Amino acid sequence: MNGFALAPRRWGLYVTVRRALSEAERDEFADLFQRACWFLRGRGAGWSIVADLSGVPLSPDLHERLADPMHLARQHDAGRVAALVRGGGDAAVVADALRAAGLAERARVLVAPRPGPEPLRRARDWALKGTEPARIDRAA
């Protein structure tokens with residue numbers, strides 16, 4: 001099973017990371033993410049990203065690896081971004097990456113210690129409708 005999935009949707013891009021990625025998987029992820037950004041940009045500005053990162057603990061050294069694709073998304077006219085993580089430390093890593101990419105004002109980082117349909121629904125509601133989630137760690 002792949003450690004990640006990228007799925008372009010009518011509304012934007014759904015990303016999930018299930019475990020720590022190998023170097024080859026990180027390269028594949030970067031390539032597919034870039035292709036998805038080009039594809040979605042062709043559909044117009046303001047597409048959304050829902051990133052489910054709750055399957056893997058995030059260490060502070062991942063900041064740059066997370067910031068690079070988010071910067072690319074901003075360059076390709078991404079709108080709102082919602083990231084789902086397991087804990088406050090993970091939220092801080094993602095929030096720092098979103099700030100570095102210039103997406104903090106359009107992003108929300110949701111902390112959900114137990115993944116499930118409800119946290120994912122709240123993430124999608126932010127990304128697609130701009131509905132503020134109830135429990136939230138703001139990237140801004």
Side-chain angles (χ1 to χ4, degrees):
M1 176 163 84
N2 282 341
F4 70 91
L6 291 161
R9 300 284 191 235
R10 178 182 44 79
W11 47 263
L13 184 61
Y14 175 71
V15 178
T16 185
V17 179
R18 298 179 190 98
R19 60 174 168 73
L21 303 179
S22 69
E23 186 173 337
E25 288 173 318
R26 288 191 305 265
D27 290 343
E28 181 183 10
F29 179 91
D31 181 54
L32 292 172
F33 193 91
Q34 182 176 27
R35 290 177 192 207
C37 286
W38 279 106
F39 172 74
L40 291 165
R41 182 182 192 178
R43 292 171 138 185
W47 51 274
S48 298
I49 298 174
V50 174
D52 184 353
L53 306 175
S54 64
V56 61
L58 303 175
S59 61
D61 65 330
L62 290 176
H63 170 269
E64 189 171 313
R65 287 189 198 152
L66 291 172
D68 288 346
M70 291 297 99
H71 183 71
L72 182 66
R74 184 179 61 80
Q75 290 177 320
H76 285 82
D77 301 323
R80 287 186 293 268
V81 177
L84 188 59
V85 298
R86 274 197 187 163
D90 295 343
V93 171
V94 174
D96 287 346
L98 290 163
R99 268 193 296 279
L103 285 171
E105 289 184 21
R106 297 180 267 186
R108 299 296 180 266
V109 181
L110 291 80
V111 176
R114 290 175 298 284
E118 182 59 22
L120 190 54
R121 183 194 59 76
R122 289 187 289 129
R124 284 185 49 134
D125 284 351
W126 164 256
L128 279 62
K129 303 174 192 172
T131 304
E132 287 287 351
R135 275 186 13 199
I136 187 168
D137 282 347
R138 290 183 188 262

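Atom set for the values below is all heavy atoms of this structure, side chains included, hydrogens, waters and symmetry mates excluded. Every value quoted in this text rests on a predicted model; they were computed, and no experiment measured them.
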Quiz prompt | Stepwise side chain to side chain contact (heavy atoms under 4.5 Å, CB included) check, F33 with M70 | solution = CA-CA 10 Å; F33 193 91; M70 291 297 99; 3.7 Å; yes
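- Considering all non-hydrogen atoms of both residues, A127 and S48 come closest at O-OG, 2.6 Å.
- Partner of E25 under the salt bridge (Lys or Arg N to Asp or Glu O under 4.0 Å) criterion, out of R19, R65, R18: R19 alone.
- Residues L84 and A112 come closest through the heavy atom pair CD1-CB, 3.7 Å.
- Under the 4.5 Å side-chain heavy-atom criterion for ILVMFWY residues, a single connected hydrophobic cluster contains both V93 and L53.
- L13 and F39 fall within a single hydrophobic cluster, where Ile, Leu, Val, Met, Phe, Trp and Tyr are joined by side-chain heavy atoms under 4.5 Å apart, directly or via other members.
- The stretch residues 80-92 participates, sequence neighbours left out, in no side-chain hydrogen bond (donor to acceptor under 3.5 Å, both in side chains) pair at all.
- Closest non-hydrogen pair, P119 versus L110, comes out as O-CD2, 4.1 Å.
- In this structure, the side chains of R124 and R9 stay at 4.5 Å or more apart for every pair of heavy atoms.
- Rounded to the nearest 0.5 angstrom, D96 CG and L58 CG are separated by 11.5 Å.
- Residues Y14 and L120 are in side-chain contact: their nearest non-hydrogen atoms beyond the backbone lie under 4.5 Å apart.
- Residues A73 and C37 come closest through the heavy atom pair CA-SG, 3.9 Å.
- Within the 4.5 Å cutoff, side-chain heavy atoms of F29 are placed close to those of L6.
- Atoms CG and CG, from L98 and L103 in turn, are 6.0 Å apart once rounded to the nearest 0.5 Å.
- Put simply, the side chain of E28 does not reach to within 4.5 Å of the side chain of L21, judged on heavy atoms.
- Note on R122 versus D125: no salt bridge recorded, every NZ/NE/NH1/NH2 to OD/OE distance being 4.0 Å or above.
- In this structure, the separation between CZ on R41 and CG on D77 is 5.0 Å, given to the nearest 0.5 Å.
- A donor-acceptor distance shorter than 3.5 angstrom exists from the side chain of R106 to the backbone of A78, with no hydrogens or angles considered.
- Residue A91 comes nearest to V111 through the heavy atom pair CB-CG2, 3.8 Å, listed as atom of the first residue, atom of the second, then distance.
- Under the 4.5 Å side-chain heavy-atom criterion for ILVMFWY residues, no single connected hydrophobic cluster contains both L66 and W126.
- Within a 6.0 Å radius of CZ in R43, more than 12 heavy atoms belonging to other residues, nucleotides or ligands are found.
- At a threshold of 4.5 Å between non-hydrogen side-chain atoms, the residues F4 and R26 do not count as touching.
- Panel note: side chain R74, backbone A101; a donor-acceptor pair is recorded below 3.5 Å.
- A donor-acceptor pair under 3.5 Å is absent between the side-chain atoms of R108 and the main chain of E132, judged by distance alone.
- Side-chain atoms of W47 come within 3.5 Å of backbone atoms of H76 as a donor-acceptor pair (strictly under, hydrogens ignored).
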